[in-house]
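Notes to accompany the following structure.
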Amino acid sequence: MIEYGAIYPELILILFAVAIPALHMAIKSSRTLASISLVSIIASAGMVIYYMLDGYPVIIGDPASPLIVFDALAAVFSLVFLGVALVVVLASARYVESDRHLAEYYTLTLMATAGMMLVASAQDLLIIYVGIEIASMATYALVAFRKKDKRGAEAAVKYVIIGGLSSALALYGISLLYGVAGTSSLIGINEALAAQGVDLATLMALGLLLAGFGFKIAIAPFHMWAPDVYEGAPTPISAFLAAGSKKMGVVVLFKVFLVGLIAIKADWDIVVGIVAILTMTIGNVVALSQTNMKRMLAYSSIAQAGYMLMAIPLATVAGMGDFATGAGIFHVITHAFMKSGAFIVVAALAYVAIGESIADYKGLAKRAPLIAFSMAVFMFALAGIPPLSGFMSKVVLISASIEAAEVTQWMLWLGVALVLNSALSLYYYIRVIKYMYVDEGDSKDRIKVPATLAAAIVICLVATVALGFLWDPVLEFCVEAAGTLF
Amino acid sequence: MFENIPILSLLILFPLVGAIAVFMMGRSPKASKYTALIFSAIPLALSILVLTQFSLNTGAEEYLGNFQFVEKYQWISFLGIDYHLGIDGISITMVLLSTLLVFLAVIFSWNVEDRLHQYMGLLLVLEVGILGVFMSLDYFVFYIFWEVVLIPMYFLIAIWGGSNRAYASIKFFIYTHVASLAMLLGIFALFFTTAPELQAQGLIATDAIGTFDMLLISEVAGNLGTALQFAIFGALFFGFIVKMPMVPFHTWLPDAHVQAPTAGSVLLAGLLLKMGSYGIIRICLPTLPDAAVDFQIIMVIIGVVSMIYGALASLAQTDLKKMVAYSSISHMGIVMLGIATLTELGIAAAVFQMFAHGLITAVLFMVCGMFQYGVGTREIPLLGGLAPKIPIISTVMMMGFMASLGLPGMVGFLAEFMVFTSTFDTWGLWVFVPVASVALTAAYYLWAMQRSIFGDLTDRVNLSRLRDAYWFETIPLVVLLGLIILFGIWPAYVLDLITPTIPLVFSGVI
């Protein structure tokens, strides 16, 4: 009898995801359905925390080439995904309440979260692929949720086409690797590559995987779709994509490169390093000229993905694996909260009919002091101003880069690029604050934001501030989680 | 007396609590300003209390043992970060200056109308950051406080500033933040490169990644390779001179000052600029003495260039406040020159000049603020003959200008004199190059005074709305001018704090 403990957290979500449309027959209230979704998310998180405290469940599959392993890494990413899902569902309760298909909305959100969590615990390329597809299919539909909205429909079409293309590329890469290594297990692939070295097919597979997964997390030069999709999607879903779905891509890259392809690291470390620098630079430079909040946040997400990607080449340095990957994971966590917070502020303001252009935020500090303050905190955190969480995670990444540079000199440039990019990005983050606090708006009426949206914002705010002070245990746990990769 | 009381933490905590309380008092401006007054008076009282308990001679033989009121708690063991505070003779002068100026700035801002509670709250947050910088003995904590200072100052300029405030505030933020990032790289380089040596000497555990402790790092940083020391010194130094600011990284300062509200300008020039020179004195010189010697010529050149360029630029200004802003660059150049002599007298003089400039420049910016609100303009060509109409403002302006141009008997004279004496000791007659700037200083102050308050009464401003100083403007100015004269006549009150510390801190360079 196979033990399925490793996928209980996902199963809880899927169970509720299936039940919600049925419940919708009887329950019409968006709030109640949202509460039910929240219950499932909290139950699933409870399961994850239970595993963390009480020991991890047995693996699924042959121990030599496991399929699913619920370990510390899976736990930390699962909690990130669940945290983001929690905030997104809270923010959505009012956002979709007038929609006929609101049950599907919650179902799809839970399914997507389950898919992402599956990816975090998968140890086999095929399971990873299945997880990605579960999450992607659900998010395609979520982006298209406002099907009458032309921009939303356009964004969804773009997203589906790019998503399909990237899946095809990744699948092609996976099949080539399977051909070379004779297995789709990450550990098995690594052993095979260590034994037989690199040939053309492996390099092709490497390129295809980087491109395929690169499209998913929108790293340069595969990032073009992201701003259009984030702009067109319902705003809570933009938050979900930027803070959740993107992190799924990051964990895939961590796993594929640092477990599956670590044996041939000499062939890819500098490529990934260059892609990271390119991604952060392009993201920040283009963000400078954006006038739409959601597009600006999208480009900022691209830049931030570059920071996370930095961890991969740094982790190839001997003895640095745990710390560098842990630094990357820590940035994943801090970014999840600051970015979803920022998107939900946009959503909350859109709900009270304030536009999505940055200029629409003029004079906001007087109209909605708490919202403006939260947004200012998110912006400062994203820019990396201490003592907020975004500063701490960047600091850890910089310190990892300087430490790695003692062995491999060019890696110092990753840290320098991060520093220069932080300076560059400050301009567009602070511009938002300027509009909110300095400029006078046309209207002076107070804004009242629905309680659920405010709650979601406050959760992100508290996490963003608290992680700036209490990051010692979190970082230590990230490093421990990273340790499972090596 | 304070063995069991974490008095330095209380110094930081009171303004912080006060700031939070004030922020919540949006409905009642009156309550918020009295609360701000109380919560800025408490740190002042505490710092005076610290002064009474401060021992001038600790008997310590070296840098490490010389700190008093030390508090050290482990914060992030994983990265060797401690919450580590302590003060010596150099920092206590800066702490006293900070608590005094913030207290006076709060009084001076008594009639701010727009969002008063936020204004007062930000002044208190600023105090938190500034005091933290002057008391931290851990690089990481130091950096956090250093950056915390930026946020309230950004908002002070951005919300209460002049017509071009958006540009000025963003420029201020970006300039100083970029410089801080260079500093951060330098700090990390120190962190990683000193770790093996610290482990070998048994100063940190063998399995520790490193430590951010300033004092421990200064023990071993001198053993690093010459090129590495030079590079790290350069990164830190860059971070500090942008803040000071030194030519050619000074351009943010006139913009920020002209746009900032009066209290913002007072604290910007009085305290924020001092953070830069304090950084050089607290971090660069004791930690990397060999590199400091290599950098001596660079320090002299940028110091002297800043003095002369700042003075020449002041001469060309028509806006009173912009003139004072450029004069700050010139006077911070004197601080840099004092540091660059790398002598006991020179560095003591630099610290003394920091203290003196803090007092004097506060007077000058308050005068500019009174011109703005009492007369309606700061443009010198529009003024003239105002002395009989606004006697208090004119008297204070005259005394402030005299103090700033170095009139004997006032605190600025002594500080400048000490710097020039040590310059003469080190470089002989080259001292005439920087001394030339003093002549220029006298020129722009006297000329500005002549045109604005003496001569024929102007008809280019609306004289019917002229008003002299209010009580809440007069009190801070009287206090400051009293101190300027007091320390001008008995400089020993301050110098006795500073001088015993100097040989211990800078044993590597002098």
Side-chain angles (χ1 to χ4, degrees), chain A residues 320 323 326-327 365-366 369 373 376-377 379-380 383-388 391-392 394-406 412 415-416 418-431 433-440 468-479, chain B residues 23 26 74-81 83 114-115 118 129 132 140-151 154-155 157-161 165-193 195-196 209-210 212 235:
Chain A
M320 285 284 299
F323 183 62
K366 285 192 178 146
F373 173 75
V377 170
M379 291 295 119
F380 277 131
I385 303 292
L388 301 165
F391 163 72
M392 295 302 175
K394 275 187 190 168
V395 156
V396 180
L397 279 169
I398 295 172
S399 79
S401 131
I402 295 177
E403 200 183 351
E406 288 187 57
L412 182 64
V416 172
L418 173 57
V419 164
L420 293 177
N421 268 289
S422 288
L424 188 64
S425 68
L426 186 63
Y427 178 76
Y428 63 84
Y429 291 127
I430 215 171
R431 200 175 48 165
I433 298 174
K434 184 209 124 190
Y435 274 109
M436 293 190 305
Y437 280 88
V438 180
D439 293 342
E440 295 287 332
F469 291 96
L470 306 171
W471 53 292
D472 198 11
V474 180
L475 178 60
E476 243 172 290
F477 185 67
C478 291
V479 172
Chain B
F23 277 129
Q74 208 169 58
W75 182 21
I76 296 151
S77 53
F78 187 55
L79 285 171
I81 299 171
Y83 174 77
D114 184 26
R115 301 187 231 178
Q118 291 179 7
F140 204 80
V141 178
F142 176 86
Y143 185 82
I144 289 177
F145 281 122
W146 180 277
E147 289 282 280
V148 162
V149 169
L150 290 184
I151 298 171
Y154 166 78
F155 282 116
I157 301 174
I159 299 179
W160 291 273
R165 57 188 189 270
Y167 168 78
S169 57
I170 289 189
K171 188 171 176 182
F172 160 76
F173 205 120
I174 291 181
Y175 259 70
T176 47
H177 182 66
V178 170
S180 313
L181 289 170
M183 182 171 97
L184 187 65
L185 277 184
I187 290 175
F188 272 113
L190 272 179
F191 176 76
F192 285 109
T193 52
I209 308 179
F212 281 99

Check each of B:Y143, B:W75, B:Y83, B:F188 against B:F212 using the ring pair (Phe, Tyr, Trp, His ring centres under 6.0 Å) test, and report the only one that passes.
B:F188

Looking only at B:L185, B:L181, B:T193, B:L150, most heavy-atom pairs under 4.5 Å shared with chain A are made by B:L181

Closest-packed option against chain A by number of heavy-atom pairs under 4.5 Å, given B:F191, B:W146, B:F155
B:F155

Please rank A:F380, A:F469, A:F323 by heavy-atom pairs under 4.5 Å with chain B and give me the top one.
A:F380

Looking only at A:K366, A:K434, A:E403, the option with the highest number of non-hydrogen pairs under 4.5 Å against chain B is A:E403

N/O donor-acceptor pair under 3.5 Å between B:R165 side chain and A:V438 backbone:
yes

By a 4.5 Å heavy-atom criterion (distance strictly below it), what part of [X] contacts chain B: side chain, backbone, both, or neither?
{"X": "A:I433", "answer": "both"}
{"X": "A:M392", "answer": "side chain"}
{"X": "A:V479", "answer": "side chain"}
{"X": "A:I430", "answer": "both"}

With rounding to the nearest 0.5 Å, note down the distance linking [atom1] in [X] to [atom2] in [Y].
{"X": "A:I398", "Y": "A:L418", "atom1": "CD1", "atom2": "CG", "result": "4.5 Å"}
{"X": "B:K171", "Y": "A:Y427", "atom1": "NZ", "atom2": "OH", "result": "13.0 Å"}
{"X": "B:I159", "Y": "A:M436", "atom1": "CD1", "atom2": "CE", "result": "10.0 Å"}

Side chain proximity check, A:L388 to A:V377, heavy atoms < 4.5 angstrom:
yes

Report yes if the side chains of A:E476 and A:W471 come closer than 4.5 Å at any heavy-atom pair, otherwise no.
no

Side chain from CB out, backbone as N, CA, C, O: work out which of these in B:I81 comes under 4.5 Å of a heavy atom of chain A, or both, or neither.
side chain

